[in-house]
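Written out below as structure tokens is the structure these notes cover.
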Amino acid sequence: MDLSGLNESQRAAVCCIEGPLLVLAGAGSGKTRVITHRIAFMLERGIRPESIVALSFTNKAADEMRERLEKMVGKRARELFMGTFHSLGVRMMRARPADFGVPKKFSILDQGDVYGMIRSILRDEGIHYAGADRRFDPGAIVQRISLWKNDFITPAQATDPMRIESDYDEIAAEVYGPYEERLASLGAVDFDDLVCRIARTLRDSESAREHWQGRFSHVLVDEYQDTNKAQFEVLRELVGARQNLCVVGDDDQAIYGWRGAKVANILGFDMYFPSARTIKLEENYRSRAPILECANSVIVNNQGRHDKVLLPQRGGGEPVTEVLAEDGPQETNWVTSRIRRLIKEEGVPGHAIAVLYRSTRQARAVEERLQEHGLAYRVLGGQAMYDKKQVKDALAYLKTMIYPSDEIAVRRAMNVPSRGIGAKTLERLLAHASVRRISLMDAIHNAERVEGITGRARTGLQRFSELIRFAQSRMHASGSAGLALRELLDRIALRDHVMREVGSAEAAAHRWSDVERLLGSVERFEQRARESKKKSRSKRPRWNEFFGSMAIDRDKDKKSDDESSGRGQITLATMHSAKGLEWPVVFIIGCEEGIMPHKRVDAPRISDAIAGDVEEERRLFYVGITRARDRLFLTRATSRVERGRQIKRLPSRFLEELPDSVERYDISTEESLTVEKIESMADAFLAKLALAREAGEEEAKRRRSSRR
DNA sequence: CTTGCTCTAGTTAGG
DNA sequence: CTAGAGCAAG
């Protein structure tokens with residue numbers, strides 16, 4: 001194998017295939033190259049592809065890795081397991097459901113289903129989760145339960161008074177137990193179960209452990225700094241005594257502590273695996289020196305980290321620019337016109353430019369200005385396609401047609417668009433169904449026999465029942481669920497429903513296009529099933545697979561979308577979703593106290609008690625900086641309109657950690673400021689101030705506060 | 001049961 | 001300023 005394209009430490013990381021290995025891969029240090037070369041090297045050394053597991057955090061990352069590997073080793077790349085922890089979990093649970101205490105056909109709840117369940121528990125337990133007196137955001141509860149599950153804290157332990165620190169802990173602990181019970185009674189698991197059940201089973205069952213340790217001999221993990229406790233346990237049990245575990249990551253890019261990731265996993269890797277080797281990749285092939293200088297000088301201010309720096313491998317480069325605006329509109333205006341200039345005058349393609357920000361809401365203003373300028377852009381992140389309401393509605397109908405026993409789907413579909421079926425009616429139906437041991441859908445088909453259902457609800461149920469029967473008969477007649485779903489959606493005029501729900505025709509058309517995409521992927525799935533039928537003679541498409549992969553690979557249809565939408569687009573992204581990506585030109589907007597670091601992580605400003613959170617914000621800023629290849633602009637405003645009022649804004653403390661080589665530009669005075677200029681201005685100002693003080697003028701104090 | 005009004009709170013994301 | 005949720009009225 002040809003390793004000549006790699007530097008010394010990269011080569012070391014590729015060739016060290018036995019025993020525990022920690023690869024500390026700085027931003028832009030050729031991490032993916034190392035991983036793919038390493039797998040290719042392992043295959044060359046005769047390790048069977050089926051016994052290799054390569055894990056990452058997103059499907060996209062896994063797919064890209066597989067593509068790159070396929071270029072190196074060909075079809076064999078398809079034989080090894082490459083995917084997310086969650087998809088590994090699904091695969092293991094499907095292979096041996098009994099080991100994990102789940103039914104053969106378990107279903108996977110998505111975020112929306114979980115929310116719905118938490119809401120209904122809150123209602124049933126009589127907890128006012130929102131309102132004037134006490135408010136409990138279901139989202140915060142879901143998040144707590146998720147954190148507990150990943151830390152192996154049981155419902156009983158969660159209610160321990162010693163652990164409870166806030167109202168939220170108390171409420172969440174109260175809901176946690178019933179939540180787990182409901183999951184079990186539905187034969188369903190949530191996303192967290194896909195990981196922590198694996199960990200628990202491997203820990204507790206010797207036979208399961210032996211089976212899986214025999215199945216997999218070598219494990220690789222990318223983005224290791226983002227692993228949580230449950231994921232760590234899975235790894236530890238999976239690799240067993242052989243400890244053929246290679247983890248690749250960068251503690252300086254750990255930005256997911258708030259969702260349970262443990263930086264300790266990467267900081268203390270050699271504590272858990274004492275025989276571990278550590279290899280640092282510090283050569284940076286992405287960014288120009290001035291950008292890396294910024295990155296290095298910001299990140300050294302963090303305490304808990306592996307000691308390393310980014311060493312520039314590309315020469316030259318313009319200075320990084322810090323841009324000062326008077327207010328928000330001026331900031332976005334400047335950014336968009338600078339982008340326009342880059343594109344129109346300097347010949348930079350749109351896809352070479354990104355605007356990064358801390359929170360999604362900051363995108364809107366930029367979007368509006370870009371639209372005005374007629375510049376094409378795309379927004380990364382945001383709601384995943386399968387989380388969108390319209391798509392979920394359509395999907396609920398599809399599931400109802402195919403699996404009428406899927407209660408969650410039926411519940412959703414039955415009232416879209418509203419058919420006058422409310423909580424009371426549902427309750428009656430469920431009671432009826434449970435007494436007769438029939439499904440909710442069957443109870444609906446027999447609605448006229450259910451006690452107490454009258455008037456509007458009754459006719460609504462009748463219409464729904466007929467609709468489903470109609471769709472099912474169309475499906476059987478045509479042999480295509482996609483076609484039947486189209487007809488069904490047509491009948492209920494879902495399209496008009498979507499139109500009515502949103503204001504602008506444009507937004508509605510956009511929402512509807514997501515439904516079209518769903519229909520498209522249903523039809524493609526059926527097409528594939530028909531083709532493979534010739535070979536395998538299976539009677540029907542395996543819908544379980546389709547729905548399962550829908551919950552797991554939510555953005556598998558996104559890719560074609562990205563490609564079809566052209567290459568000229570500017571990218572708008574949060575710094576979180578920008579991780580792993582790069583652009584020649586990057587703008588980071590809103591570099592201010594309160595935004596970055598965000599005010600929520602920095603509540604007690606005087607005592608730096610929770611400095612860890614501020615350190616995570618600093619890492620996030622570091623991630624943002626290291627996305628830039630050639631040019632970097634950091635912008636901020638001195639005041640902003642917030643809740644209708646003009647508020648003064650202070651520069652982010654991170655800006656003050658930047659080196660002197662950074663150029664400063666003030667939009668309103670159109671002045672470029674170097675450090676020397678600022679210093680001479682400050683000197684002049686101080687001289688003036690001294691004069692004023694001598695004269696005993698009160699005004700001097702006011703001026704002092706307006707300085708910088 | 002639905003609709004429309006009023007109030008309030010307001011990170012970050014993925015499977 | 002907006003989105004989402006509760007609440008009161010139809």
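It should be emphasised that the depicted structure is a prediction, and the values quoted were computed from it without experimental measurement.
As rounded to whole Å, 18 Å separates atom P of dG15(B) from atom CE of Met93(A). The distance between atom CG of Leu88(A) and atom P of dG14(B), rounded to the nearest whole Å, is 21 Å. Regarding Arg640(A), its CZ atom lies at a distance of 19 Å from the P atom of dG10(B), rounded to whole Å. The distance from atom CD of Gln253(A) to atom C1' of dA13(B) is 16 Å, rounded to the nearest whole Å. Nucleotide dT12(B) holds its C1' atom 13 Å from the CZ atom of Arg619(A), rounded to whole Å. Glu593(A) places its CD atom 15 Å from the C1' atom of dT11(B), with the value rounded to the nearest Å. Here dT12(B) presents its P atom at 17 Å from NZ of Lys579(A), a figure rounded to the nearest Å. With rounding to whole Å, Arg358(A) atom CZ is found 7 Å from dT12(B) atom P.
For Trp258(A) and dT12(B), the ring-to-base geometry satisfies the stacking test (centroid distance below 5.5 Å, interplanar angle below 30°). By the criterion of a centre-to-centre distance under 5.5 Å and near-parallel planes under 30°, the ring of His576(A) forms no stack with the base of dT12(B).
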Which pairs, protein N/O on one side and nucleotides 2-4 of chain B N/O on the other, fall under 3.5 Å?
| residue | atom | partner | partner atom | Å |
| --- | --- | --- | --- | --- |
| dT2(B) | OP1 | Gly420(A) | N | 2.9 |

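Comparing dA3(C), dT12(B), dG15(B) by their nearest atom to the side chain of Arg364(A) picks out dA3(C). Nearest to the side-chain atoms of Ser577(A) among the listed nucleotides dG14(B), dT12(B), dT11(B) stands dG14(B). With dG15(B), dG10(B), dT12(B) as the candidates, the nucleotide lying closest to the side chain of Arg361(A) is dG10(B). Of the candidates dG15(B), dA13(B), dT11(B), dA13(B) carries the atom nearest the Arg259(A) side chain, counting heavy atoms from C-beta on.
Between Asp250(A) and Ala25(A), the closest heavy-atom pair is CB-O, 3.2 Å. Lys229(A) approaches Asn150(A) most closely through the heavy-atom pair CB-O, 3.4 Å.
Proximity of Thr360(A) to the phosphate of dT12(B): a side-chain N or O atom is located under 4.0 Å from OP1 or OP2. For dG10(B), neither phosphate oxygen OP1 nor OP2 lies less than 4.0 angstrom from any side-chain nitrogen or oxygen of Ser359(A). Side-chain N/O atoms of Asn59(A) include one lying less than 4.0 angstrom from OP1 or OP2 on dG15(B).
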Would Glu615(A) and Arg305(A) count as a salt bridge (charged side-chain N to carboxylate O under 4.0 Å, His left out) here? Give the steps. CA-CA 10 Å; Glu615(A) 295 206 341; Arg305(A) 60 186 289 267; over 6 Å; no
Test Lys262(A) against Asp151(A) for salt bridge (charged side-chain N to carboxylate O under 4.0 Å, His left out), laying out the working first. CA-CA 10 Å; Lys262(A) 301 270 185 277; Asp151(A) 274 342; 3.4 Å; yes
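Side-chain N/O atoms of Asn301(A) and Glu657(A) include a donor and acceptor closer than 3.5 Å.
In this structure, Phe57(A) and Phe85(A) have tilted ring planes: the angle between them lies in the 30° to 60° band.
Rounded to whole Å, the separation between the P atoms of dG4(C) and dA13(B) comes to 16 Å. Comparing dT12(B) with dA5(C), their C1' atoms are spaced 23 Å from each other, to the whole Å.
Each of Gln143(A) and Thr58(A) lies near DNA chain B, and the nucleotide nearest Gln143(A) is the one positioned closer to the 5' end.
The backbone N or O of Arg619(A) lies less than 3.5 Å from no partner atom in the side chain of Gln253(A), so there is not a single donor-acceptor pair.
Between the CG atom in Leu55(A) and the OH atom in Tyr224(A) there is a gap of 11.5 Å [rounded to 0.5 Å].
Using a 4.0 Å heavy-atom criterion, one finds that Tyr256(A) contacts the sugar-phosphate atoms exclusively.
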